[in-house]
Novice: 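First the structure, then my questions, so here it is.
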Amino acid sequence: MYVAAIFLPLLAAIVAGFGRHFLGDRGAQIVTILGVGTAAILSVPIFVTVALNGNPQVIELFTWIRSGDMDTSWALRIDTLTAVMLIVVNWVSFMVHIYSVGYMHHDPSIPRFQAYLSFFTFSMLMLVTSDNLIQLFFGWEGVGVASYLLIGFWYHKPSANSAAMKAFLVNRVGDFGFALGIAGVFFLFDTVNFSEIFAAVPQHADTTVTFFGVEWHALTIIGILLFIGAMGKSAQLGLHTWLPDAMEGPTPVSALIHAATMVTAGVFMVTRMSPVFEYAPTALAIVTVVGALTAIFAATVGCVQNDIKRVIAYSTCSQLGYMFFAIGVSAYQAAIFHLMTHAFFKALLFLGAGSVIHAMSDEQDMRKMGGIWKHIKLTYAVMWIGSLALAGVPFFAGYFSKDMILEAAYGAHSGVGMFAFWIGIIAAFLTAFYSWRLLIMTFHGKPRADEYVMSHVHESPAVMTIPLIVLAVGAVFAGYIGYDVFVGPARGEFWGESILILADNDSVGAAHHVPGWVPILPAAMGVAGILTAYVFYMLAPGIPGMLARTFQPVYKFLLNKWYFDELYDAIFVRPTWYLGRGFWKSGDGALIDGVGPNGVAAAAKNVAQRLSRMQSGYVYHYAFFMIAGLFVFVTWYMIKG
Amino acid sequence: MTSALNLGAALPEIFLAVAGMALLMYGVFRKGDTTTSVGWMTVIAFIVAAIFVVTGETNQLVFGGSFITDSFSAFAKVLILAGGAFTLIMALQWLKAEKIARFEFCIIMLFATTGMLMMASANDLISFYLGLELQSLSAYVIAAFNRDNLRSTEAGLKYFVLGAVASGLLLYGMSMLYGFTGTTTFAGIAEVIGAGHAGTGVLVGLVFILAGLSFKVSAAPFHMWTPDVYEGAPTPVTAFFAIAPKVAALALMARVLMGPFYEMADQWQQVVWLVAALSMFIGGFAAITQTNIKRLMAYSSIGHVGYALIGLAVADEQGVRGMLIYLAIYLFMNVGTFAVILSMRFKGRATEQISDLSGLSKTHPVMALWLAIFMFSMAGIPPLAGFFGKLYVFLAAVQAELYGLAVIGVLTSVVAAFYYLRIIKVMYFDEPVEAFDRPSRATSAILGICGLFVTLFIVYPAPILAAASAAAASLFQMPG
């Protein structure tokens with residue numbers, strides 16, 4: 001059952017990918033949906049056995065690497081944390097597979113798409129079930145490859161290609177940190193297996209390493225390096241630039257990879273490494289600050305974007321920030337809880353956006369939408385549900401998880417905790433604002449699309465709307481159902497040993513004892529954000545334009561995403577480009593080619609010309625050379641004796 | 001086994017000499033154009049002589065020890081006769097096309113070949129010089145055979161004047177040797193040197209002899225005549241020069257150096273080393289700027305002689321074996337290449353420019369393919385025969401720790417690869433010019449034979465390798 005739940009998607013990917021010529025489009029769709037669907041259904045009993053009945057498993061498959069002290073197996077470690085991820089990954093993936101049948105039906109390479117999706121699912125499962133850091137890294141890179149392939153799925157579009165490359169390269173930066181972190185773990189613990197690492201962490205709580213002549217706290221260094229890896233994958237501030245561009249991929253990909261699953265891999269990984277992070281308070285503080293800054297940064301940028309998918313992408317980025325600062329205050333359960341609810345409502349929003357784009361003949365710019373709610377009522381409804389959940393309106397999924405995060409941040413009673421709390425409150429207001437800005441701009445007002453597009457606006461087929469409904473159900477109820485076991489009184493039993501929290505750091509426990517205004521404030525801010533959006537975009541549509549003109553620099557700053565891309569372009573891309581060009585022209589071209597191939601060739605030609613000039617045609621010259629040669633030989637022997 | 005008058009040992013030479021005189025009579029007294037018939041009869045005489053060589057008694061020492069037959073001489077003689085026969089067959093057609101078909105051409109070639117066979121068997125300074133001069137004098141004449149052509153006569157004259165200088169050097173060296181050792185037989189000289197009586201005079205005499213022989217094999221720095229003569233001489237003569245005399249002179253050189261002067265190997269090795277290195281260098285570089293394919297082949301032959309000389313510089317059995325294998329392969333590559341060059345003819349007019357080969361792959365695909373194979377082989381690219389030729393001499397050099405020579409050889413062969421590959425580029429990538437006339441059937445046949453040899457050498461190299469080994473071994477077991 002466990003093995004099947006993980007390897008069926010791989011099998012489906014192989015069959016659909018390599019057998020596409022005899023399976024055909026329909027066959028590939030059936031195979032992949034069956035594979036992932038079976039895995040999704042199997043993950044339910046796994047969840048019941050492992051998480052609810054408290055029965056974690058480790059299944060050894062076979063030895064992978066045995067080299068010196070390194071002993072690594074392929075093994076499936078299935079505890080509560082993994083079981084939750086299995087549910088999320090498999091079910092969202094299942095829904096996206098089905099949805100893709102409708103969304104991609106015009107596409108000429110459906111089997112390739114489905115195979116990539118299944119391959120991604122497998123990699124993600126590999127990531128969440130791994131028993132050691134190496135296997136986790138394998139899954140980590142696997143999802144990176146799948147993400148690259150899927151972002152660049154429409155490879156004939158230059159923008160898609162460059163977005164895919166950007167995603168891959170920015171992730172490399174994070175992966176570099178991650179790989180160093182793994183090396184650091186191995187250096188310190190002599191093992192990469194989770195159970196052995198976690199058992200040994202307390203002994204190393206005060207170990208220091210000397211680096212550049214300075215003593216460093218070893219676990220802090222490892223924590224920071226691992227977090228750098230997580231930042232890349234989860235698009236945290238600094239390494240977030242790839243995520244908005246990744247929206248070049250087909251919308252189901254955005255829903256699956258860039259909202260629900262892959263981008264949460266960083267959250268998962270840090271949570272998985274909670275025993276290490278718990279002993280590295282400085283690293284946790286950094287995680288908190290970066291998470292909080294990401295939350296507010298992405299929320300501000302989201303307020304001014306005009307591409308429907310980019311708005312949701314920045315929203316994802318922002319919500320990931322929430323998860324990270326939850327981790328930073330040791331509220332791992334809250335982070336995973338939000339991860340789960342977010343997966344449902346964000347996938348819902350993306351697929352809903354996909355449905356809108358589908359209806360609008362592939363238009364993504366919200367300025368060219370408007371007034372279509374009457375034509376696509378179901379999509380309109382699910383977008384509302386998704387937005388309500390995202391904004392944290394009471395009793396929708398996001399309300400429970402986001403409130404818990406903010407309460408935990410407040411309950412942590414630390415400087416960074418309070419910083420994160422207030423930032424989170426502001427971000428909550430902005431979240432609600434941009435969500436309703438999106439809703440209003442997309443569905444209300446006068447139609448801004450041309451008549452041809454408007455006449456084609458239609459509700460998506462059932463194959464697309466059923467996944468929407470399933471996810472909408474999740475977006476409504478996931479928070480309510482999960483609250484007790486994830487972060488409520490039953491949490492200790494539920495999580496078992498999969499998450500370690502030191503007694504002093506139990507911020508989730510503390511969250512239940514915060515002042516009365518703290519739980520109310522986020523919801524109030526959400527409602528305020530919604531109302532503001534109504535005022536700005538429905539009742540007094542002149543205000544946004546006026547604000548943009550009045551605060552031109554601020555508006556420009558936000559519209560250009562805080563100039564991160566320009567900054568990176570100036571700091572990294574251009575110098576690298578100039579350096580590369582310089583090396584090419586001067587190093588390779590002038591020096592190596594010049595002295596090497598071309599230089600030698602020129603020298604050879606030169607010698608050849610001299611030699612043929614010696615060939616004068618005069619007999620006495622020739623005779624002279626003969627005699628001279630003889631003279632040299634004889635002299636040589638005379639001198640030598 | 002020494003016997004004064006065992007004429008059987010010299011049967012091939014005697015047969016060729018008699019045949020030459022008989023054919024001369026036939027040619028003179030027979031009415032009409034007898035070139036073709038005399039030519040084919042000469043070829044048959046070559047074949048018969050080759051049969052005599054192969055079946056004749058070996059290890060014979062005759063004429064007072066001045067004439068020797070052994071496996072080494074047999075190997076060289078077969079190569080010489082094969083080279084003579086191939087070039088003569090191709091020449092017949094060519095002479096007719098150039099309207100200079102005269103039967104004397106065949107007779108002179110026959111006498112030249114006879115001289116070469118004598119060189120291969122020489123075991124005395126006198127017989128050495130006799131054979132060499134017979135060969136040389138005949139060569140001067142055929143170089144100028146197209147006597148109404150300015151370049152041909154110039155080539156003949158240049159060759160003659162410079163050849164005379166070389167003969168002078170040779171004779172001077174021989175006289176010094178005689179003066180210092182008191183004998184002309186190789187065995188006698190070996191005895192004197194072995195007894196430790198060899199002074200600087202002997203060494204200087206040897207240097208003069210080496211200079212004279214280097215001229216004959218066109219090794220640098222005695223190579224300067226080669227490009228001019230090769231370019232000016234009628235093309236079949238060039239082909240002949242590029243093959244047979246080199247085999248004969250190198251064989252003679254090997255016999256002199258490994259025989260009487262073997263004890264002095266440390267000393268003469270330096271000269272041979274330098275001559276080999278210079279030849280490879282000149283052969284590699286000077287050919288780059290050539291536009292005339294005959295001149296190019298001249299430099300190519302200088303380079304190839306350099307590689308063959310590596311085998312001599314090594315001064316052991318492996319080296320000589322390598323040289324013999326090299327020469328055998330060189331013969332086929334060169335005959336094949338000249339078969340193509342002889343076919344370069346637009347509407348009856350012969351041409352010699354490399355650029356005229358443009359687009360040969362489209363006009364004569366088979367010919368282009370064979371030429372490409374020969375060029376790859378000459379550049380030493382596996383799996384063609386030329387690679388193995390180089391391999392064996394380089395191996396011998398490395399085993400004898402002559403690393404410098406091996407490295408120079410490899411580097412210059414890289415340079416040489418440039419001009420060989422350039423011909424391939426011209427044939428395959430340049431736009432076709434006019435198509436050549438159809439080559440004659442005999443030339444095509446020779447082209448095919450050589451092409452197959454070069455291509456299939458890798459499959460069945462055993463006969464050549466075995467014969468070369470036996471020949472090299474016999475050189476070092478020379479009786480007294």
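Chain letters run A, B, ... following the sequence lines, proteins first and then strands; every chain starts at 1. Keep in mind the model is a prediction, meaning the values are calculated, not measured.
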Novice: Taking atom CZ of A:Arg172 as the centre, does the number of heavy atoms from other residues, nucleotides or ligands within less than 6.0 Å exceed 12?
Specialist: yes
Novice: Dump the intermediate steps for side-chain contact (heavy atoms from CB on, under 4.5 Å) on B:Val271 and A:Tyr637, then the final yes or no.
Specialist: CA-CA 10 Å; B:Val271 177; A:Tyr637 284 114; 3.0 Å; yes
Novice: Chain A heavy atoms under 4.5 Å from B:Ala166: which part of the residue, side chain, backbone, both or neither?
Specialist: both
Novice: Take atom OH of B:Tyr178 as the centre, draw a 6.0 Å sphere, and report whether it contains more than 12 heavy atoms from other residues, nucleotides or ligands.
Specialist: no
Novice: Under 4.5 Å heavy-atom distance to chain A, tell me which part of B:Phe418 shows up: side chain, backbone, both or neither.
Specialist: neither
Novice: What residues of residues 608-627 of chain A sit under 4.5 Å from chain B when you count only heavy atoms?
Specialist: A:Ala608, A:Gln609, A:Leu611, A:Ser612, A:Met614, A:Gln615, A:Gly617, A:Val619, A:Tyr622, A:Ala623, A:Phe625, A:Met626, A:Ile627
Novice: Does CZ in A:Phe153 sit with more than 12 non-hydrogen atoms of other residues, nucleotides or ligands closer than 6.0 Å?
Specialist: yes
Novice: Side chains of A:Phe633 and B:Leu274, heavy atoms from C-beta outward: is any pair under 4.5 Å?
Specialist: yes
Novice: Could you look at B:Leu169 and say if it's the side chain, the backbone, both or neither that has a heavy atom under 4.5 Å from chain A?
Specialist: side chain
Novice: With only heavy atoms counted, which part of B:Leu203 is less than 4.5 Å from chain A, the side chain, the backbone, both or neither?
Specialist: side chain
Novice: Return the minimal non-hydrogen interatomic distance between B:Pro221 and A:Gly629, and the atom names on each side.
Specialist: CG-CA, 4.0 Å
Novice: Among the options B:Val204, B:Val165, B:Leu162, B:Val275, pick out the one with the most heavy-atom pairs lying under 4.5 Å from chain A.
Specialist: B:Leu162
Novice: Can you tell me how far NZ of A:Lys605 sits from CD1 of B:Ile288, rounded to the nearest 0.5 angstrom?
Specialist: 9.5 Å
Novice: Non-hydrogen atoms of chain A under 4.5 Å away: do they reach the side chain of B:Gln290, the backbone, both or neither?
Specialist: side chain
Novice: Counting only heavy atoms not in B:Tyr172, do more than 12 sit closer than 6.0 Å to its OH atom?
Specialist: no
